[in-house]
Visitor: 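Please see the structure below; I have some questions.
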Amino acid sequence: MSRTLLPLPLPPTPAVLDSRRELRSLLDGDAAYLPVPAHDTAAARGLCTALGAGEPIDPRACLVVSTSGTTGTPKGAMHSPETLHASATGTAQALGGPGSWLLTLPPHHIAGLQVLLRSLAAGYEPVVVDVGEGFDPAVLPAAVDAMTGPRKYTSLVPLQLRKALEHPEATRALAGLDAILVGGAATPPALADAAVAAGLRMVRTYGMSETAGGCVYDGRPLPGTRMRIAEPAADGVGRVELGGDTVAFGYRNIAEHPAFASPGWFRTDDLGAVDDGLLRIAGRADEAISTGGLTVVPQVVEAVIEALDGVAVCAVFGVPDERLGDAVAVAVVPDGAAPELGALQRAVTARLDRYAVPRHLLVLDELPVRGPGKVDRRALRDEFATRNRSRLRSDHRDSLLD
């Protein structure tokens, strides 16, 4: 049976519910769709071109969902109805039963799309928050009140959770949900503690487009999901591999990709370890910084800095250095007065090896993100380079005046 991949424009507004028929058809395996952002014509066109919309596709596929594009052009993970239903079933089992879902994320990414699919698969109408102009926590009370079903769930990225906790009415509304899945990026421990203290039933999730979204909840795999660590070092940290019923069967138009080399398994770009049956993510292999011949995992340094007073959130990244190859830099969104680089350096020195100490500080109002909330470290490097060039030009002008 021949099948063609069809583009499916999905807006980040309640108008996405106009696509219920296509979404149900996707779940039933009656067609194959490529979700694209309806509000961004250029991005949608780029995805259609890169992932072959309008061209024949493997008849097993019902969904091609783009990856977040960490390394450039997004890839397209191919899913069948079986992988999507396995995800919905495993999620319901892990959370205590099927229910209705509240969408606060862009629906063309896997996390937002799964909110819609899980709710429809359970037989409940999703409630959709308009995030076309950004996320406003003030709308959450009315949105939660509109939800039906015996159990109520939503998915947030850490930045949304932080904003909601700053809004008392939004926090009270979220406290009425049976579970709040938080993923898309690492959740700082202080933020997780604040959510629990506010009475929120928060579940930290781990997964990606290739695993039909989150498939490990609070470190434990969903029913039907397997996990293993490839080539672990002495401390048990190695490349995370995920297997089981939710794993895609490959990438669109990329035959025999090494990430799918082991049948039924997906080799991630993440480093982690399994301690007492719980998965612990150490960081991304492709984000590690090589400085002076030594390797720094950004997330390890971020955990130290985000625990300091005056730091709302931070991101560690590498910048070119003539002597070291790359130097460690940190971008900080302050909570109050901006911290000084020396204070950050002393804190990191006290907890980690000296080579992990940041040599540069970038103070920002907010961190740049890509996809559904992941920090855009490439944008941070570009911002650092821009500011550095401006500083050098200023220094040059001052020297001429002298």
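The analysis underlying the following values was restricted to heavy atoms, covering all of them including side chains, and did not include hydrogens, waters or symmetry mates.
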Visitor: For Ala175, is there any backbone N or O sitting under 3.5 Å from a side-chain donor or acceptor partner on Arg201?
Guide: yes
Visitor: Any salt bridge between Glu166 and Arg162, counting N to O under 4.0 Å?
Guide: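 No salt bridge links Glu166 with Arg162.
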Visitor: Using the test side chain to side chain contact (heavy atoms under 4.5 Å, CB included), find all partners of Lys152 that sit at least two apart in sequence or belong to another chain.
Guide: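 With sequence neighbours excluded, Lys152 shows a side chain to side chain contact (heavy atoms under 4.5 Å, CB included) to Ser100, Met147, Leu177, Asp178, given in chain and number order.
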Visitor: Looking at Asp286 and Arg284, is there a salt bridge between them, counting it only when a charged N and a carboxylate O are closer than 4.0 Å?
Guide: yes
Visitor: Please answer whether the main-chain N or O of His85 pairs with a side-chain N or O of Thr89 as donor and acceptor at a distance below 3.5 Å.
Guide: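 Present.
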Visitor: Using side chain to side chain contact (heavy atoms under 4.5 Å, CB included) as the criterion, list what pairs up with Ala195, not counting sequence neighbours.
Guide: Leu161, Leu165, Leu200, Met202
Visitor: Of all the heavy-atom pairs spanning Leu10 and Pro107, show the shortest one and how long it is.
Guide: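 Minimum heavy-atom contact is CD1-O, 3.6 Å.
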Visitor: Is any side-chain N of the basic residue among Arg20 and Glu125 closer than 4.0 Å to the acidic one's carboxylate O?
Guide: yes
Visitor: Looking at Asp235, I'd like to know if its CG atom is crowded, meaning that more than 12 non-hydrogen atoms belonging to other residues, nucleotides or ligands lie closer than 6.0 Å.
Guide: yes
Visitor: Salt bridge between Arg252 and Glu210, side-chain N to carboxylate O under 4.0 Å?
Guide: no
Visitor: Considering only NZ, NE, NH1 and NH2 on the basic side and carboxylate oxygens on the acidic side, decide whether Asp269 and Arg239 come within less than 4.0 Å.
Guide: yes
Visitor: Using the test side chain to side chain donor-acceptor pair (under 3.5 Å), find all partners of Ser19 that sit at least two apart in sequence or belong to another chain.
Guide: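 Scan of Ser19 (side chain to side chain donor-acceptor pair (under 3.5 Å), adjacent residues dropped) gives none.
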Visitor: Is any side-chain N of the basic residue among Asp58 and Arg60 closer than 4.0 Å to the acidic one's carboxylate O?
Guide: yes
Visitor: Would a distance-only check, ignoring hydrogens and angles, find a side-chain to backbone donor-acceptor pair under 3.5 Å from Gln345 to Val357?
Guide: no
Visitor: Where do Trp101 and Thr91 come nearest, in terms of heavy atoms and distance?
Guide: CZ2-CG2, 3.9 Å
